[in-house]
Participant: 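Sharing a structure here in structure tokens format.
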There are 2 protein chains.
Amino acid sequence: MTTGGSSPSKPLRADAERNRSAILAAAARLLAKNGLSVSLDDVAAEAGVGSATLYRRFSSRDELASDVLGQQMAEYVARTEAELARSQDDPWGALTSYTHFVVEHQIADRAFAEVLSSPGLGTAALREDLDRTYRDLQAIVQNALDAKVVRPDMHCSDLLMLFRAVNGLIAADAETATEAWPRLVATFLAAWRSDGPALPPVSAVWDRTEA
Amino acid sequence: MTTGGSSPSKPLRADAERNRSAILAAAARLLAKNGLSVSLDDVAAEAGVGSATLYRRFSSRDELASDVLGQQMAEYVARTEAELARSQDDPWGALTSYTHFVVEHQIADRAFAEVLSSPGLGTAALREDLDRTYRDLQAIVQNALDAKVVRPDMHCSDLLMLFRAVNGLIAADAETATEAWPRLVATFLAAWRSDGPALPPVSAVWDRTEA
DNA sequence: CGCGAAGTGGGGAAGATCGTCCGTTTGGGT
DNA sequence: ACCCAAACGGACGATCTTCCCCACTTCGCG
């Protein structure tokens, strides 16, 4: 917020710094509402600056997007690690609350939802953060498996499948998805907890996401 | 194929009829692969005709799309009613095979997937067919509920939720979705069959879809 | 208070799609 | 075999969207 740390490369003039913050805030708002495909002109308008100002500060759409998402990703990583720690004592509780957290995040922020489920989107630094959380996610699932609080053929990629499924709800109707998601999550959790017939094997599809 | 029935309004010249069929086939192919947003120029190119020919036969994108989807929808309606009939004797088998059928259809045809999950898309006639199948779907679920082969708080809108979820898989990566969907379907079926804690209530969101 | 750095916003370029015009070709009835 | 009407197709203008640059203005540090 008022920190304004940013990079110490060059001390920005007061109004320039103000505009930079306004652009970042506007971009965050529009990215959350409309996804990664926002028009840069729209961002500039939302921030109340000319489009030229935006292009001077951020050389490309990717740079802007990764600046915005980078901040949010830090929070995401932290929360994931917190749940992992909790997972030792309460594997089921950690699994459910982590799942809820991520899905709520997806619902609240379309750009996050898109980056989360589409490998190839986002900058390298972003993907690295995501990979890191994916390793934590694997551990959370492993703890649940070890504690036998989920069916033995559950797999960590099932979480990724849920995250993609949530995107389907959002795409169909972003408005109503905010009401509909809890039942979707509960359905997955019920399936993971149940001991019905074996699920089809995890396809090799998910390997690429893990790499 | 070689039937060429169409409307008896005006006997089309031989080459005109041939082109009309080529356009419909090309449109079906591209709609299946790329969804409803295909460019009409692309359809014309795929059919090997000029764009003017396409516009002469089909006054609008909607007319073309509904002609193509109308045929497929007939098959869809028929299959749904067949499963409903079967549902009397084998409620669980009908539910599972119906679910598999629809999801396979979604995977194979993106335009169908989009129309299925986005009320407001498609022509009135199309929506009517969909509404009809939705009534059948409700009956299939009701049979399963009555036979107690699914948990008592299952709801027919859960099928719609699954269909939207499948779209999430397709959107993330259409290629890999063809491998990944069976486990998604199995997860839902496992949840419906299980008797875990109650699911969150069905939100009012789905009422509109039912109307 | 003056000068240079930064900002402004309008506008042009590029890409995509839509839908129509018109010269040319082709079908098929006689 | 002939000939007209119907159909063809490629190209063109219009519209839309987004990206990015240029000439002019304004701010604020020293």
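All chains are named by letter (A, B, ...) in the order of the sequence lines, taking the proteins before the strands, and each is independently numbered beginning at 1. What you are looking at is a predicted structure, and each value in this text was computed from that prediction instead of being measured. Hydrogens, waters and symmetry mates are skipped; everything else that's a heavy atom, side chains included, is used.
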Participant: Does the side chain of B:V38 come within less than 4.5 Å of B:K33's, by heavy atoms?
Facilitator: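 The answer is no, as the side chains (C-beta and beyond) never meet within the 4.5 Å cut-off.
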Participant: Taking only Lys NZ, Arg NE, NH1 and NH2, and the carboxylate oxygens of Asp or Glu, determine whether B:R57 and B:D67 approach each other closer than 4.0 Å.
Facilitator: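 A salt bridge is absent here (no side-chain N lies under 4.0 Å from a carboxylate O).
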Participant: To the nearest Å, how far apart are B:I23 CD1 and D:dA7 C1'?
Facilitator: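 For the pair B:I23 CD1 and D:dA7 C1', the rounded distance is 11 Å.
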Participant: For C:dA6, does either OP1 or OP2 sit under 4.0 Å from a side-chain N or O belonging to A:N19?
Facilitator: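 Indeed not, no polar side-chain atom of A:N19 lies that close.
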Participant: Between the side chains of A:E75 and A:R79, is the shortest nitrogen-to-carboxylate-oxygen separation below 4.0 Å, so that they form an ion pair?
Facilitator: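 A:E75 and A:R79: not salt-bridged.
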Participant: With the sugar-phosphate defined as primed atoms, P, OP1 and OP2, and the base as all remaining atoms, what B/S/- string results for nucleotides 12-25 of chain D, 5' to 3', for protein heavy atoms under 4.0 Å?
Facilitator: ------SBBBB---
Participant: Are A:L95 and A:W192 close enough that some pair of their side-chain heavy atoms sits under 4.5 Å apart?
Facilitator: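 Yes; the side chains approach each other to less than 4.5 Å.
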Participant: Roughly how many Å is it from CZ in B:F58 to C1' in C:dC18, rounded to a whole number?
Facilitator: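 Checked: the CZ to C1' distance equals 17 Å.
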Participant: CZ of A:R20 versus C1' of C:dA6: gap in Å, rounded?
Facilitator: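 It is 15 Å, rounded to the nearest whole Å.
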Participant: Sorted by first residue and then second, give each ring-ring contact (aromatic ring centres under 6.0 Å, His included) pair with at least one member in residues 32-76 of chain B; sequence neighbours left out.
Facilitator: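 As it turns out, the ring-ring contact (aromatic ring centres under 6.0 Å, His included) pairs with a partner in residues 32-76 of chain B, which skip direct neighbours, are B:Y76-B:F112.
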Participant: Specify the separation, in whole Å, of atom CD of A:E17 and atom P of C:dG7.
Facilitator: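 My rounded result for the distance is 11 Å.
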Participant: Enumerate all atom pairs, one protein N or O and one N or O from nucleotides 24-30 of chain C, separated by less than 3.5 Å.
Facilitator:
| residue | atom | partner | partner atom | Å |
| --- | --- | --- | --- | --- |
| C:dG28 | OP1 | B:A14 | N | 3.1 |

Participant: Looking only at the side chains, is there a donor atom on one of B:S97 and B:R86 sitting less than 3.5 Å from an acceptor on the other?
Facilitator: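 Note: B:S97 and B:R86 side chains meet the donor-acceptor criterion.
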Participant: Can you check whether B:T53 has a side-chain N or O nearer than 4.0 Å to OP1 or OP2 of D:dA7?
Facilitator: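 False: B:T53 side-chain N/O out of range (4.0 Å or more) of D:dA7 OP1/OP2.
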Participant: In plain terms, say whether B:D158 and B:R151 are close enough for a salt bridge, that is, a side-chain N and a carboxylate O under 4.0 Å apart.
Facilitator: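 Between B:R151 and B:D158 there is no salt bridge, as every charged N stays at least 4.0 Å from the carboxylate O atoms.
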Participant: Tell me, do B:N167 and B:Q106 make a side-chain contact under 4.5 Å, heavy atoms counted?
Facilitator: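 With C-beta onward as the side chain, the pair touches.
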